[in-house]
Amino acid sequence: MVAKKIAVIGAGNMGTALLRGILASGWGEKAKLVASHPKQEKASTLAKELDIKILGDNAAAAKDADIVILAVKPQILGSVLDELTPVLRKDQLLISIAAGFPTSRIESAVGMNVPVIRAMPNVAAIVKASATALCAGKHATTQHVAEARKIFESIGLVVELAEYQLDAVTGLSGTGPMYIFQVIEGLSDAGVRVGLSRDVASALTIQTLMGAAKMAEHLKVHPAVLKDLVTSPGGTAIAALHSLERNQLRATLMDAVEVATARSKELGQAHDAKPTTTAR
Ligand SMILES: NC(=O)c1ccc[n+]([C@@H]2O[C@H](COP(=O)([O-])OP(=O)(O)OC[C@H]3O[C@@H](n4cnc5c(N)ncnc54)[C@H](OP(=O)(O)O)[C@@H]3O)[C@@H](O)[C@H]2O)c1
């Protein structure tokens with residue numbers, strides 16, 4: 001992609017991960033990147049580290065950009081859009097990563113035929129292993145989707161979906177790293193429980209997780225087939241599986257994804273309300 005001027009509004013965890021991904025991609029150019037952060041001290045530390053401009057003023061950051069990435073929390077996106085609207089033009093592309101915030105809300109807040117893309121990456125963007133789903137708003141063309149794809153491919157895998165599926169994506173892969181961190185902690189504790197040191201238990205857990213994930217990725221078979229590979233008659237795996245089934249591991253995961261999906265929908269409806277809790 002010919003380097004476009006990109007502004008990242010809200011250089012927090014995800015905004016910074018995107019900036020790093022773009023910078024490492026080979027097509028991103030430092031001189032064409034700008035970001036905003038409300039805290040002066042954080043802004044200058046980050047500016048020094050990434051060697052790009054980080055401004056305290058969102059509108060000033062967005063003004064000359066070709067692509068504006070909205071990476072603030074969903075609860076303040078409404079007020080940030082109010083700040084940006086006076087400087088936005090309809091030849092700019094707006095990309096929002098805010099959980100639950102529909103493209104139609106952004107389009108009507110901005111009040112012109114501005115192209116909007118909604119994206120749901122995940123925190124593994126920090127290590128360039130995000131899983132991102134993208135959808136296009138009413139005025140976004142295939143060219144805009146291609147530009148957004150290029151940006152998010154710099155931090156991992158990208159899929160394109162219809163917008164009605166984005167809350168489900170938020171519940172599954174947007175929130176997903178947290179499920180896996182719980183699994184890592186639980187298995188690592190289990191290793192300590194059966195007599196291993198914390199370091200050994202953690203290293204074995206993480207490698208086992210990555211090995212199992214690689215098998216699922218490469219062999220492309222249903223996970224039940226992979227489970228059958230390890231469960232020999234009367235062996236340890238089938239004994240452990242019986243315990244997981246008794247304790248309803250799969251139903252627990254399904255419940256978690258379902259409530260996170262519902263919470264994403266709620267955020268989409270209530271983003272203008274004063275936040276009572278912080279939200280992903
Ligand atoms: N984290 C995830 O796993 C994840 C995954 C997918 C999507 N998302 C979405 O990504 C967005 C950012 O999440 P995050 O986890 O990166 O949160 P974050 O680390 O809190 O980043 C948001 C950043 O915006 C800054 N900010 C606050 N008020 C601002 C304002 N008025 N103007 C400009 N910047 C402002 C915050 O500064 P302060 O810290 O000083 O308040 C913070 O640095 C959210 O919409 C979230 O739904 C997050």
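Read the numbers this way: they start at 1 and go in the same order the structure lists the ligands and their atoms. Keep in mind that the numbers below use all heavy atoms, side chains included, and drop hydrogens, waters and symmetry copies. Since the model is a prediction, treat every value here as computed from it, not as a measurement.
- Numbered from 1 in the order shown, with element, the atoms of ligand 1 that lie under 4.0 Å from a heavy atom of I76 read 27 (C), 28 (N), 29 (C), 30 (C), 31 (N).
- Taking a 6.0 Å sphere around CZ of R246, one finds it holds more than 12 heavy atoms contributed by other residues, nucleotides or ligands.
- Residue contacts with ligand 1, taken as heavy atom pairs separated by less than 4.0 Å, do not involve T170 at all.
- Close contacts between ligand 1 and V123 involve ligand atoms 3 (O) [criterion: under 4.0 Å to a heavy atom].
- Near P74, with a cut-off below 4.0 Å to any heavy atom, the atoms of ligand 1 are 44 (C), 45 (O), 47 (O).
- With a 4.0 Å cut-off on non-hydrogen atoms, A71 touches ligand 1 through its backbone and not its side chain.
- Nearest residue to atom 7 (C) of ligand 1 from I69, I97, L70 is I97 (criterion: closest heavy atom).
- Taking distance alone, with nitrogen or oxygen atoms compared against 3.5 Å, P121 stays at or beyond that limit from ligand 1.
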Identify all side-chain donor-acceptor contacts of residues 179-197 below 3.5 Å with residues at least two apart in sequence or on another chain.
unit_1: Y179; atom_1: OH; unit_2: G171; atom_2: O; d: 2.6
unit_1: S188; atom_1: OG; unit_2: R198; atom_2: NH1; d: 2.8
unit_1: S188; atom_1: OG; unit_2: S202; atom_2: OG; d: 3.1
unit_1: D189; atom_1: OD1; unit_2: R198; atom_2: NH1; d: 2.9
unit_1: D189; atom_1: OD1; unit_2: R198; atom_2: NH2; d: 2.7
unit_1: S197; atom_1: OG; unit_2: V200; atom_2: N; d: 3.2

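- Contact annotation: for K42 versus ligand 1, there are no heavy atoms closer than 4.0 Å.
- Set against the non-hydrogen atoms of A99, the atoms of ligand 1 under 4.0 Å away are 45 (O), 47 (O).
- Compare K73, Q75, E41 by their heavy atoms: the one nearest to atom 20 (O) of ligand 1 is in K73.
- If you look at N58 next to ligand 1, the close heavy atoms, those under 4.0 Å, all belong to the side chain.
- For ligand 1, one of its N or O atoms has an N or O atom of V72 under 3.5 Å away.
- Crowding of Q248 atom CD: a count of heavy atoms from other residues, nucleotides or ligands under 6.0 Å not exceeding 12.
- Screening I22, D51, L18 for a side-chain contact (heavy atoms from CB on, under 4.5 Å) involving L33 leaves a single residue, I22.
- Using modelled atom types, one finds no donor on one side chain facing an acceptor on the other under 3.5 Å when comparing D167 with T261.
- With hydrogens and angles disregarded, a donor-acceptor distance shorter than 3.5 Å links the side chain of S130 to the backbone of N122.
- Residue-to-ligand polar distances keep N122 apart from ligand 1: every N/O pair is separated by 3.5 Å or more.
- Counting non-hydrogen atoms of neighbouring residues, nucleotides and ligands closer than 6.0 angstrom, the NZ atom of K128 exceeds 12 such neighbours.
- Between L81 atom CG and N58 atom CG the span is 10.0 Å, to the nearest 0.5 Å.
- Side-chain N or O atoms of Q92 include one that pairs as donor or acceptor with a backbone N or O of A62 at under 3.5 Å.
- Interface atoms of ligand 1 facing M120, defined by a heavy-atom separation under 4.0 Å, are 6 (C), 7 (C).
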Point to revise | Steps toward salt bridge (Lys or Arg N to Asp or Glu O under 4.0 Å) verdict (E245, R250) | key: CA-CA 8 Å; E245 288 296 312; R250 287 182 300 160; 3.1 Å; yes
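- Residue P38 has no N or O atom closer than 3.5 Å to an N or O atom of ligand 1.
- Taking distance alone, with nitrogen or oxygen atoms compared against 3.5 Å, K39 approaches ligand 1 more closely than that limit.
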